[in-house]
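Working notes, structure below.
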Amino acid sequence: MRESNDDAVPLEFYDTRTRTQRVFEPLEAGHARVYTCGPTVYAPQHIGNLRSQLFADLLVRTLLSRGYQVTHVVNITDVGHLTDDADAGEDKMERAAAHAGRTAAEIAAEYTAQWVRDRELVGCRPPDVLCRATEHIQDQIDLIQRLEERGFTYRIDDGLYFATARFPRYAEFAGLDLNAQTSAARMADVPGKQHPADFALWKFAAPGVRRQQEWDSPWGRGFPGWHVECSAMSIRYLGPTFDIHTGGVDHVRVHHTNEIAQSECAYEMHPWVQTWMHNEFLNLAGQKMAKSEGRVALLEDLIADGHVPLVYRYFFLQAHYRQQQAFTPEAMDAARTGYDRLVRVASEVRGASGKTRRSVMAPLRRRFQQALADDLNAPRALAVAWEVARSGELEPVERWTLLREFDTVLQLDLEHALPKSEQAAGESDPRIDALVAERERARAERDFANADRIRDELAAEGVTIEDTPEGARWRRE
RNA sequence: GGCGCCGUGGCCAAGUGGUAAGGCACGGGACUGCAAAUCCCUGAUCCCCGGUUCGAAUCCGGGCGGCGCCUCCA
């Protein structure tokens with residue numbers, strides 16, 4: 001088939017491990033295995049967190065559009081993530097539970113549900129596997145045992161630790177200078193740590209303290225450290241080596257560095273993951289959106305502002321995932337207008353049929369694919385979609401065919417979404433309907449003073465009237 | 001202080017050697033009784049300085065400014 005030539009553009013992704021953009025070649029032909037770092041569910045996930053999921057979804061949908069079978073695993077961290085990464089501090093889940101006067105399980109369930117819902121609302125494909133740390137304790141213990149058998153662990157009073165000094169490549173991934181690290185702080189709270197970069201694999205429950213989340217293990221009652229769950233679960237579902245691991249840039253230094261250390265030492269494998277992809281942050285007021293600063297926006301906030309959730313996805317697509325993106329209410333409004341107009345075009349050509357010309361469609365199709373193949377350049381891909389939308393060369397059926405095709409990746413619901421001006425079609429309000437009818441009568445009698453008065457009154461309460469060939473219609477802004 | 005990223009029209013944002021994608025806003029036009037919605041048109045030489053090159057937003061050097069990581073963080 002000639003069609004297959006369009007797929008010849010090789011997919012290239014920027015890989016953090018090698019700091020280069022490389023052609024993607026899965027370990028198993030035709031099958032891409034992807035692991036995405038999901039949330040620690042101790043608090044609501046904001047739209048910055050959501051950016052990571054949108055990025056992973058863009059990746060997965062791009063792979064699917066190229067005909068790959070994809071196994072996408074996403075984790076939920078619901079235990080072991082401490083407030084302080086130096087293996088001291090409280091467990092975030094336990095703390096959140098204590099503050100709310102509820103159980104850790106309740107907290108986790110609530111925020112997991114919210115996160116799942118938000119993901120769906122912005123068009124993220126459900127993961128093939130959604131796995132929770134608390135449901136994989138044995139997998140984590142097994143992994144730690146492999147490390148113990150191979151001599152990578154040591155035991156001190158508060159837990160079993162990973163000895164980074166025994167893994168020569170430890171600093172390689174993140175380009176760390178271990179000697180220059182500000183080690184004092186990380187050593188202070190944990191007596192016995194051999195190196196500041198060492199991290200807990202299994203933490204013991206403090207003497208006399210009954211935790212909500214604790215389990216028996218070969219080393220004593222306690223809970224797994226942060227990082228272990230990702231190694232254990234990704235390997236459980238994707239095998240001891242797989243293709244792509246995604247996450248936020250903040251994870252490069254500690255979380256992913258430690259995952260690599262655990263996994264490569266436990267399974268004597270290198271490189272453990274072929275390609276590491278990291279998304280940049282969403283900025284709010286010039287700085288990264290951060291829970292700890294209270295500088296966050298939730299998807300429900302955007303919805304409360306009158307935005308359709310997919311407007312946020314459209315917003316996301318306007319910037320490259322490896323660039324910091326500036327979030328402002330104005331930018332959201334701009335995205336909303338842009339999205340609505342794109343939807344309008346789609347709705348106008350929706351369902352068009354007839355003959356299509358390959359000669360005019362192929363270049364656009366190819367440029368769309370090239371954009372995505374170039375390290376998921378969504379802004380460029382979106383620009384091609386706009387070109388199609390506003391093309392004077394293409395027939396409606398051709399525009400529809402391309403837009404529907406592009407939307408399998410963009411996922412902007414171009415197949416069903418209604419433009420703003422048509423959303424009121426199903427809405428009805430006897431009082432407003434009557435006023436609109438009254439204005440229609442006034443207009444028919446060329447009594448424009450009265451007609452305009454009615455329109456102004458409705459406008460004052462946020463109702464906009466549009467006169468169309470089929471008569472007047474209204475909508476709430 | 002160390003490491004990394006970034007600085008493109010009013011705003012958001014692509015573009016990494018050959019005379020600046022796209023979206024939003026503004027202005028102009030078409031349409032309209034006037035509007036709304038829609039459509040069309042218009043706008044930047046790319047933070048500053050120096051260098052390499054026939055040619056640089058794009059490479060190199062030096063500034064200035066911003067952000068991130070190094071401490072919880074997608």
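Computed over heavy atoms, backbone and side chain alike; hydrogens, waters and symmetry mates excluded. Fair warning: this is a prediction, and the values are worked out from it, not measured in the lab. Every chain is numbered from 1, with letters handed out A, B, ... down the list of sequences.
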task = Using the P atom as the reference point in each nucleotide, state the distance between B:G61 and B:U38 in Å, no decimals.
result = 49 Å
message = Using a 4.0 Å heavy-atom cut-off, does A:H46 contact any base of the nucleic acid, only the sugar-phosphate backbone, or nothing at all?
response = base
message = Looking only at the side chain of A:R443 (C-beta and beyond, no hydrogens), which of the listed nucleotides B:A25, B:C34, B:A37 gets closest?
response = B:C34
request  = Check whether any side-chain nitrogen or oxygen of A:R344 sits under 4.0 Å from OP1 or OP2 of B:A37, and answer yes or no.
outcome  = no
message = Could you check whether any side-chain N or O of A:S347 sits under 3.5 Å from a backbone N or O of A:R344, counting only pairs where one atom can act as donor and the other as acceptor?
response = yes
key: Base-pairing assignment for B:U16 (Watson-Crick or G-U wobble, both under 3.5 Å)   = none
request  = Sticking with atom C1', work out how far B:G62 lies from B:G29, rounded to a whole angstrom.
outcome  = 49 Å
ask   = Roughly how many Å is it from CG in A:D340 to P in B:C39, rounded to a whole number?
value = 11 Å
request  = To the nearest Å, give me how far apart CZ (A:R390) and C1' (B:C24) are.
outcome  = 10 Å
key: Assigned partner base of B:G9, Watson-Crick or wobble definition, under 3.5 Å   = none
query = Looking at the side chain of A:N279, which of B:A37, B:A74, B:C34 is the nearest nucleotide?
reply = B:A74
task = Return the nearest nucleotide to the side chain of A:H251; candidates are B:A74, B:G68, B:C34.
result = B:A74
message = Does A:E457, at its CD atom, have more than 12 non-hydrogen atoms belonging to other residues, nucleotides or ligands within less than 6.0 Å?
response = yes
message = Classify the ring geometry of A:H278 against A:H256: parallel below 30°, tilted from 30° to 60°, perpendicular beyond 60°.
response = tilted
Nucleotide B:A74, atom C1' - distance to CG of A:L282 in whole Å = 10 Å
Nearest-0.5 Å distance that lies between atom CZ in A:R22 and atom CD in A:E12 = 11.0 Å
query = B:G22 P sits how many Å from A:R367 CZ, rounded?
reply = 10 Å
task = Verify the stacking flag for A:W386 against B:G22: centroid separation must be under 5.5 angstrom and the ring planes must differ by under 30 degrees.
result = no
message = Go nucleotide by nucleotide along RNA chain B from the 5' end; which of A:Q45 and A:A174 gets its closest nucleotide reached first?
response = A:A174
message = Students often get this wrong, so: under 4.0 angstrom with heavy atoms, is A:R439 touching a base, only sugar-phosphate, or nothing?
response = base
query = When the P atoms of B:C24 and B:U42 are considered, how many whole Å apart are they?
reply = 15 Å
request  = For B:C26 and B:G68, measure between their C1' atoms and round to the nearest Å.
outcome  = 34 Å
message = Just to be sure I understand the rule, does A:L342 reach a base, reach only the sugar-phosphate, or reach nothing, if contact means heavy atoms closer than 4.0 Å?
response = nothing
inquiry  = Whether the side chain of A:R455 and the base of B:A35 hold a donor-acceptor pair under 3.5 Å is what I'd like checked.
reply    = yes
message = Let's test this: given Watson-Crick or G-U wobble pairing with both distances under 3.5 Å, identify the partner of B:U32.
response = none
task = Would you classify A:G247 as touching base, sugar-phosphate or nothing, given that sugar-phosphate means primed atoms plus P, OP1 and OP2, and contacts are heavy atoms under 4.0 Å?
result = sugar-phosphate
Candidate nucleotides B:C67, B:C69, B:A35, ranked by approach to the side chain of A:D467 - the nearest = B:A35
key: Residue closer to the 5' end of RNA chain B, A:P39 versus A:A383 (nearest nucleotide)   = A:A383
N/O donor-acceptor pair under 3.5 Å between A:S65 side chain and A:T62 backbone = yes
remark   = Whether each nucleotide of nucleotides 4-19 of chain B has a protein heavy atom under 4.0 Å at its base (B), only at its sugar-phosphate (S) or at neither (-) is summarised, 5' to 3', as --S-----SSSS----
Check: A:N283 side chain, B:G68 base, donor-acceptor under 3.5 Å = no
ask   = Is any side-chain nitrogen or oxygen of A:R253 closer than 4.0 Å to OP1 or OP2 of B:C3?
value = no
remark   = From CZ of A:R446 across to C1' of B:C34 the rounded distance in Å is 11 Å
ask   = Going by the angle between their ring planes, with limits at 30° and 60°, are A:W386 and A:Y314 parallel, tilted or perpendicular?
value = perpendicular
task = For B:C59 versus B:G55, give the span between their C1' atoms, rounded off to a whole number of Å.
result = 13 Å
ask   = With a 4.0 Å cut-off on heavy atoms, is A:I465 in touch with a base, just the backbone sugar-phosphate, or nothing at all?
value = base
task = Hey, can you tell me if A:F327 and A:F315 have their rings parallel, tilted or perpendicular (30° and 60° cut-offs)?
result = perpendicular
request  = Indicate the ring-plane relationship of A:F167 and A:Y170, choosing parallel, tilted or perpendicular according to the 30° and 60° boundaries.
outcome  = perpendicular
key: Separation of atom CZ in A:R341 from atom C1' in B:C40, rounded to whole Å   = 13 Å
ask   = Between atom CG in A:L284 and atom C1' in B:G68, what is the gap in whole Å?
value = 15 Å
task = Respond yes when some side-chain nitrogen or oxygen of A:R336 is under 4.0 Å from OP1 or OP2 of B:G23, and no when none is.
result = no
task = Determine, stepwise, if the pair A:D198 / A:H195 fulfils side-chain hydrogen bond (donor to acceptor under 3.5 Å, both in side chains).
result = CA-CA 5 Å; A:D198 291 354; A:H195 187 281; 4.6 Å; no
ask   = For the residue pair A:F242 and A:W272, does the interplanar ring angle fall in the parallel (under 30°), tilted (30 to 60°) or perpendicular (over 60°) class?
value = perpendicular
task = Once you apply the 3.5 Å cut-off to both distances, tell me the Watson-Crick or G-U wobble partner of B:G4, or none.
result = B:C67
request  = Could you check which nucleotide pairs with B:G50 in any of the strands shown, counting Watson-Crick or G-U wobble with both distances under 3.5 Å?
outcome  = B:C60
message = Would the distance check show the side chain of A:T16 and the main-chain N or O of A:W276 forming a donor-acceptor pair, the cut-off being under 3.5 Å?
response = yes
query = In whole angstrom, what separates A:D456's CG from B:A36's P?
reply = 12 Å
query = In whole Å, what separates the C1' atom of B:U19 from that of B:G2?
reply = 41 Å
key: P atoms of B:G18 and B:A30, separation to the nearest Å   = 41 Å
ask   = P atom, B:C49 versus B:A57: distance in rounded Å?
value = 13 Å
